[in-house]
2 protein chains.
Amino acid sequence: MSFPDVATPQQEFDQITQHWSPRVLAQVNDQYVKIAKLKGEFVWHKHDNEDELFYIMKGSLTMQYENRTVSLKEGDMHVVPKGVLHNPVAAEECWIMLIEPVSTAHTGDVVSDRTRSIEDQLA
Amino acid sequence: MSFPDVATPQQEFDQITQHWSPRVLAQVNDQYVKIAKLKGEFVWHKHDNEDELFYIMKGSLTMQYENRTVSLKEGDMHVVPKGVLHNPVAAEECWIMLIEPVSTAHTGDVVSDRTRSIEDQLA
């Protein structure tokens, strides 16, 4: 997979019409940089071997964990550690940048109607 | 090294008084997310085994390569591939986010008065 020399996340958001459908913008080493629009509740899941970084580009997001929640607003950055069950919830539409390994399945160990293949994310 | 649960790049920029002195904000897998303020010309260098992602948060940056230049403005994202000689140049002050392996020496195979140890970057 090759990527454009210069990616422009803000312009790429215009191409995204579906919620919870990540789009890969760049690869740096073994990680993908993705963007996504979120709204509503995702699914509880975890990634056994992979951290996942969320950077809030617009709006706000609540990261639910089993024993706490983390509230994120525009400009905030938060890492979901590997192996930890989590569920992102966006009351209103939220735009995010994600950094995660190329190997990460975005719904982790769970397959749901929200699951998008990496081929879809690269499209 | 442990990092705050939530990092706020825009606020962290206020803490940076030196140009070309990266500050590590987060670790995701084997990569660090850093921010830096740049002004002027850096040093020609390369990273033999490590890609380096530049995301322009404010201002603009020219990435010089041996046979071309890439012009980057606010909101642009660009990956310097491993092994490729490059030199970032900022005519005016430019704020960037960087993603690179924890192992990356920011001046690559060159040591100059611009070189900052990873301990300095984590401070």
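Convention: sequence-line order gives letters A, B, ...; per-chain numbering from 1. Side chains included, hydrogens not; waters and symmetry mates left out as well; all remaining heavy atoms used.
In plain terms, the two heavy atoms of A/Val28 and B/Ile99 that are nearest each other are CG2-O, 3.6 Å. Closest non-hydrogen pair, B/Gly75 versus A/Pro9, comes out as O-CD, 3.1 Å.
Neither A/Val79 nor A/Val84 shares a network with the other; the hydrophobic side chains, linked directly or stepwise wherever heavy atoms of I, L, V, M, F, W or Y lie under 4.5 Å apart, form separate groups for each. If you chain together hydrophobic residues whose side chains sit under 4.5 Å apart, B/Ile96 and B/Trp20 fall into the same group. Cluster membership for B/Ile35 and B/Trp95, using ILVMFWY side-chain heavy atoms within less than 4.5 angstrom, is shared. In this structure, A/Val80 is not a member of the same hydrophobic cluster as A/Val89, with clusters built from ILVMFWY side-chain heavy atoms closer than 4.5 Å. Tracing side-chain contacts under 4.5 Å through hydrophobic residues (I, L, V, M, F, W, Y), one reaches B/Leu61 starting from B/Val43; they form part of the same cluster.
Within a 6.0 Å sphere centred on CD of B/Glu92, other residues, nucleotides and ligands contribute 12 heavy atoms or fewer. Within a 6.0 Å sphere centred on CD of A/Gln11, heavy atoms belonging to other residues, nucleotides or ligands number 12 at most.
For the set B/Val33, B/Leu72, B/Leu25, B/Asp30, the entry with the most heavy-atom pairs within less than 4.5 Å of chain A is B/Asp30.
No donor-acceptor distance shorter than 3.5 angstrom exists from the side chain of B/His78 to the backbone of A/Ala7, with no hydrogens or angles considered.
Between B/Arg68 and A/Asp5, some side-chain heavy-atom pair lies under the 4.5 Å cut-off.
At a 4.5 Å heavy-atom cutoff, the contact between B/Tyr55 and chain A is made by side-chain atoms alone. A/Val6 touches chain B through backbone and side chain together, each having a heavy atom under 4.5 Å away. With a threshold of 4.5 angstrom between heavy atoms, B/Met63 does not approach chain A through any atom at all.
With rounding to the nearest 0.5 angstrom, the CG atom of B/Asn29 is 9.5 Å from the CD atom of A/Glu52. Here the CD atom belonging to A/Gln10 is positioned 10.5 Å from the CE atom belonging to B/Met77, to the nearest 0.5 angstrom.
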**OP:** Output, in order, the C-alpha distance, side-chain angles, deciding distance and verdict of side-chain contact (heavy atoms from CB on, under 4.5 Å) for A/Gln31 and B/Asp51.
**Re:** CA-CA 10 Å; A/Gln31 312 286 306; B/Asp51 301 333; over 6 Å; no
